[in-house]
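Reviewing the structure listed below.
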Amino acid sequence: REPGQASDRALIGLVGGVRTKVDHASPARDLYTSALFRGRRTSVEGRADRWFILSGQHGLVEPDQWITPDLSCLEDASRQRRREWASGVLTSLRAKLGDLGRYTFEIHAGADYFAYGLRAGLLSTGAHVEVPTEGLSQGRQLRYYTDGAANRHVAN
């Protein structure tokens, strides 16, 4: 576990979906096809105790859950829609995990996915929240995942 993370907290990975995807229903882990998504997914698979995908259309999605390609993207949504989406994701997380304050959440997604209530909502429960690529351009995020920085982030 990384510094600052309580050893008794399970690690939950939250991976943001992307625009590039297959054109048919598939398991969510395989729906998104970009290198950025693959890097995000790889950074939590096998390391997090559990992980989920954040879909602009479907909300919180289990990796093996079959879904259709997203028709909308949070980047295109209004602030109000992003807040409603975040509220729905928090509700889904509570339903799946119970007391969210027992967890560390590592969010691998753009700001549209965490800056409209998701991070604040998690913090308000007492959860620990990390956003390793916050503030990085998409290109720098991709480098973070492809040059091994994601693994160094965890190993420190």
Side-chain angles (χ1 to χ4, degrees), residues 1-5 9-24 26-63 65 67-90 92-93 100 103-125 127-156:
R1 301 274 192 230
E2 51 198 86
Q5 180 180 323
R9 290 178 185 251
L11 178 63
I12 306 298
L14 299 176
V15 176
V18 296
R19 287 186 190 266
T20 309
K21 55 190 81 82
V22 298
D23 62 358
H24 55 276
S26 75
R29 74 170 67 239
D30 300 324
L31 183 74
Y32 305 96
T33 59
S34 76
L36 180 59
F37 179 82
R38 285 192 309 270
R40 290 172 173 174
R41 181 186 73 197
T42 300
S43 73
V44 298
E45 272 184 325
R47 186 173 60 76
D49 295 290
R50 192 164 175 190
W51 70 283
F52 300 95
I53 294 166
L54 301 173
S55 161
Q57 180 176 344
H58 304 287
L60 186 75
V61 181
E62 295 275 359
Q65 182 179 335
I67 59 173
T68 56
D70 299 32
L71 300 175
S72 61
C73 182
L74 280 183
E75 290 176 10
D76 302 329
S78 68
R79 288 177 176 269
Q80 180 60 31
R81 171 70 184 109
R82 292 176 199 171
R83 285 190 289 269
E84 291 167 357
W85 177 89
S87 177
V89 168
L90 287 165
S92 296
L93 282 168
L100 301 181
Y103 298 97
T104 292
F105 290 88
E106 192 174 282
I107 303 174
H108 294 270
D112 292 324
Y113 288 88
F114 63 81
Y116 293 87
L118 180 58
R119 176 171 46 194
L122 291 170
L123 290 170
S124 74
T125 69
H128 183 80
V129 178
E130 294 278 334
V131 186
T133 59
E134 184 172 10
L136 297 181
S137 68
Q138 207 167 32
R140 292 194 64 198
Q141 288 181 51
L142 185 56
R143 282 192 296 280
Y144 172 87
Y145 294 114
T146 59
D147 76 0
N151 292 331
R152 287 192 303 276
H153 174 78
V154 174
N156 291 337

Nearest atoms (heavy-atom pairs only) where [X] meets [Y]:
| X | Y | answer |
| --- | --- | --- |
| A86 | G117 | CB-C, 3.9 Å |
| D23 | P69 | C-CG, 3.8 Å |
| R50 | E62 | NH2-OE2, 2.7 Å |
| L74 | D112 | CD1-O, 3.7 Å |
| D30 | V22 | O-CG1, 4.2 Å |
| I67 | Y32 | CD1-OH, 4.3 Å |

Any [X] side-chain heavy atom under 4.5 Å of [Y] side chain:
| X | Y | answer |
| --- | --- | --- |
| L36 | Y145 | yes |
| F114 | V131 | yes |
| R79 | Y116 | yes |

As an exercise, state the distance from [atom1] of [X] to [atom2] of [Y], rounded to the nearest 0.5 Å.
| X | Y | atom1 | atom2 | value |
| --- | --- | --- | --- | --- |
| F37 | L31 | CZ | CG | 8.0 Å |
| E134 | R119 | CD | CZ | 4.0 Å |
| R83 | L118 | CZ | CG | 14.0 Å |
| L93 | L100 | CG | CG | 6.0 Å |
| S55 | K21 | OG | NZ | 8.0 Å |
| D49 | T104 | CG | OG1 | 9.5 Å |

Please check if atom CD in Q138 has more than 12 non-hydrogen atoms from other residues, nucleotides or ligands closer than 6.0 Å.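 Incorrect, the count does not exceed 12.
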
Passes salt bridge (Lys or Arg N to Asp or Glu O under 4.0 Å), E106 versus R40? Steps please. CA-CA 11 Å; E106 192 174 282; R40 290 172 173 174; over 6 Å; no

Do we see a donor-acceptor contact under 3.5 Å between the side chains of R29 and Q65?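 On atom types as modelled, these side chains do not qualify, holding no pair under 3.5 Å.
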
Between S87 (side chain only) and E84 (backbone N and O only), is there a donor and an acceptor less than 3.5 Å apart?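 A pair under 3.5 Å: no.
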
Do H58 side-chain atoms and T68 backbone N/O form a donor-acceptor pair below 3.5 Å?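 The answer is yes, because a donor-acceptor pair under 3.5 Å joins these two groups.
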
Tell me, with the steps shown, if F52 and V15 meet side-chain contact (heavy atoms from CB on, under 4.5 Å). CA-CA 6 Å; F52 300 95; V15 176; over 6 Å; no

Are [X] and [Y] ion-paired here, with the side-chain N under 4.0 Å from a carboxylate O?
| X | Y | value |
| --- | --- | --- |
| E75 | R82 | no |
| R38 | E45 | no |
| D76 | R81 | no |

Applying side-chain contact (heavy atoms from CB on, under 4.5 Å), run through L14 and L60 and close with a yes or a no. CA-CA 9 Å; L14 299 176; L60 186 75; 4.1 Å; yes

